[in-house]
Amino acid sequence: MDGLTVFRIIEELKAEILGARVEKVRLADPSTLLLKLYSPARHPKNVWLVLSVEPRRPCVYLREHAPEESSDPAPFLQRARKLLRGARLRAIEQMGYDRIVRFSFERPAAMLAEPDEDEESLSTEEEDSVFREVILAAELFGRAANLFLLDAAGRVCERLRAQGPAPGEIYTPPASTKRNPMTLDREDFQKLVSSARPLSACLLAEVEGFGPLYAAEVEARWRAMSPADELTPDLAYAAFRSVLEDILRAPEPILYTREPLERLNPAQISSRDIRLSAIPLVHAEGWTATRLDSFSRAAGVYFDLVRQSELMREKRTALLRYLAAQIQKRERALDRLEADRRALGDAETWRRWGELLLANAHAAVPTASGFLVADYYDPEMQRVEIPTTAPTPQQAASEYFRRYRKAKQGAEAIAARRAAIEQELDVLRRARERAEAADTLAALEGIARDVGLDLAPPPSVPEKKGKSARARLPGIIRFRSSDGFDILVGKSAEDNEWLTFRLASPHDVWLHAADYPGSHVIIRRAKGQALPPRTLLQAAQLAAFFSQARQSKAVVVNYTERKFVSKIPRSRPGLVRVSEFRSLTVEPKIEAERVLEG
């Protein structure tokens, strides 16, 4: 969502929800805040404000029906409920045409909540003066997207993601050197675009509000306006102004899709197959244009489709990765079985040689490598050499009969095992074909269940309310990664042992600083679920920080699945044996978000 689209949505929000009262505060997921607003002037009177800072799709819009609520309340949510419930929305301000929006709320003087356990109590007068105005600042750009709760002085009270100004610091929005598109005159515009870069690249780098969509549209209109081979700066400026004028005209939003919206299947599209625009797009020729009556409704349809598409892609990828691993595992097992079969040798050869050695027990001629005997199975009775290290033909025959029995029994066992593995491979390969062709989420989940894979989100440690919550995870420090995964850190040797062998699941990821005493660290995840590199990095940083190597600049951290970690018998708590692992080098620090108990 670029700055100019945010501008149109904010203009619509000002007309819809200014003066509305906050009734409920929720989290739809770790990156999406939901505010239920009541406004008697609109119909229906209740509406949900959606503010998402998910790095791939930060957005803001209204929707009439409540999305599902996360079951894992974060510190930000607890603070937002305390400060925003009952407050009225008095102002909405976009910072220029950038993707930074400030929502200013006014709290009635009577709204005085109980202080948190870890805060100093404020008197009625102090809290009223500090929090009469509460500001919710939304930074809606990519990986740095975040939400901040600010007091009237602009000091950060809480932040949704563990980046940017920390609680207690004065909030300063990211500085921008880009130019305001509405005040950019012809001369300045031509200076900006006079470089060797394409026009769209210049707009992305130099002008506020322009994302890839509108930058491409300016370039498309410029080329459409220009005679062949006459792309003049004046016509470029005319195309630039025509896009801005269309956006300022408050048009109806348009969803562009590669096929009609009603026939669109989220399983078969990506975010590149659907575009949300405030204006008609010249460069979307051949696409289906669907006009909607509000930007919020258009944004809701757009982001729902994108989310469904991404969810389908993520689950399909996880399932296909799991199936590939299972198929490879069984193919390797078949290779090992074939190697075992070759190592056992041919049972009939061993039997035949044993019988020849016994039949020639008194006539066998010793050689440097065995015995020379008459081959009674050969019509011409030619003599053959049978290799052996045994001193007598009888002992050699006994050894070959033993090898015959082993080879025969082994071949039968190998054949049975091979048949079972090939049957499993057939099931897995057919499941892979079905997964590649699946066109609904239910179909993918059904295939996953058939092969024993759980495609659920990463598991989190359940929360409880009240003062007894701290007893829920004794001796464990809990963090949340930027991707929403729970990271658990043991405080002591006994806590490490309990965390690793009692709390962690076999498919969770276990980390520990190499060659230094320290905490066991666990990343909780669903079976077969891919682990984002950023989550692994943040957990490794914690493992380094909570070790005796904390003062080092670089620490090697070992990591593996929990199932490869075993307790050393009769050893003191916390000592383990790791059968296989990988390593990475990190700086000891805390970048993951601390989850406070209670």
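A search for side-chain hydrogen bond (donor to acceptor under 3.5 Å, both in side chains) contacts involving H520 returns T500, W510, not counting sequence neighbours. Residues that satisfy the side-chain contact (heavy atoms from CB on, under 4.5 Å) test with P44, not counting sequence neighbours, are R42, E64. With sequence neighbours excluded, no residue forms a side-chain hydrogen bond (donor to acceptor under 3.5 Å, both in side chains) with R321. Listed by chain and number, the residues in a side-chain hydrogen bond (donor to acceptor under 3.5 Å, both in side chains) with R341 are E338 (sequence neighbours excluded). Every ring pair (Phe, Tyr, Trp, His ring centres under 6.0 Å) that F148 has, sequence neighbours left out, goes to Y171. Residues meeting the salt bridge (charged side-chain N to carboxylate O under 4.0 Å, His left out) test with E445, sequence neighbours left out: K315. With sequence neighbours excluded, the residues forming a side-chain contact (heavy atoms from CB on, under 4.5 Å) with A592 are F479, I487, Q538, L542, listed by chain and number. For D293, the salt bridge (charged side-chain N to carboxylate O under 4.0 Å, His left out) partners are R297, not counting sequence neighbours. Scored by the side-chain hydrogen bond (donor to acceptor under 3.5 Å, both in side chains) test, Q94 finds no partners at all (sequence neighbours excluded).
Rounding to the nearest 0.5 angstrom, the gap separating the OH atom in Y61 from the CG atom in L276 is 11.0 Å. We find the CD1-CG distance between I327 and L320 to be 9.0 Å, quoted to the nearest 0.5 Å. D273 contributes atom CG, which lies 10.5 Å from atom CG of L305 (distance to the nearest 0.5 angstrom).
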Step-by-step salt bridge (charged side-chain N to carboxylate O under 4.0 Å, His left out) determination, E54 to R143: CA-CA 8 Å; E54 205 286 323; R143 295 183 180 180; over 6 Å; no

With salt bridge (charged side-chain N to carboxylate O under 4.0 Å, His left out) as the criterion, how do D2 and R99 come out once you've worked through the C-alpha distance, each side chain's angles and the decisive distance to 0.1 Å? CA-CA 7 Å; D2 51 50; R99 291 166 293 174; over 6 Å; no

Give the C-alpha distance, both sets of side-chain angles, the deciding distance and a yes or no for salt bridge (charged side-chain N to carboxylate O under 4.0 Å, His left out) between D508 and R562. CA-CA 6 Å; D508 289 341; R562 211 304 275 143; over 6 Å; no

Trace of the salt bridge (charged side-chain N to carboxylate O under 4.0 Å, His left out) decision for D304 with R63: CA-CA 11 Å; D304 282 349; R63 63 184 304 160; 3.6 Å; yes

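Closest non-hydrogen pair, I523 versus A539, comes out as CD1-CB, 3.4 Å. Across all their heavy atoms, L51 and L147 have their closest contact at O-CD1, 4.1 Å. Annotation for R275 and A284: closest pair NH1-CB, 4.3 Å, computed over non-hydrogen atoms.
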Please tabulate, one pair per line, all N/O donor-acceptor pairs under 3.5 Å involving side-chain atoms of residues 422-432, not counting sequence neighbours.
| residue | atom | partner | partner atom | Å |
| --- | --- | --- | --- | --- |
| E424 | OE1 | R330 | NE | 2.8 |
| D426 | OD2 | R430 | NE | 3.1 |
| D426 | OD2 | R430 | NH2 | 3.2 |
| R429 | NH2 | E331 | OE2 | 2.9 |

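Note on residues 532-547: pairs passing salt bridge (charged side-chain N to carboxylate O under 4.0 Å, His left out), not counting sequence neighbours, are D483-R534. The list of salt bridge (charged side-chain N to carboxylate O under 4.0 Å, His left out) pairs with a residue in residues 578-591, not counting sequence neighbours, reads E587-K589, K589-E591.
For S519 (side chain) and G490 (main-chain N/O), a donor-acceptor pair under 3.5 Å exists by modelled atom type. Side-chain N or O atoms of R161 include none that pairs as donor or acceptor with a backbone N or O of S31 at under 3.5 Å. Judged by distance alone, the side chain of E12 and the main-chain N or O of S296 form a donor-acceptor pair under 3.5 Å.
Heavy-atom neighbours of E262 CD from other residues, nucleotides or ligands within 6.0 Å: above the threshold of 12.
A donor-acceptor contact under 3.5 angstrom links the side chains of T5 and Y214, judged on distance only. A side-chain donor-acceptor contact under 3.5 Å links E23 and N46.
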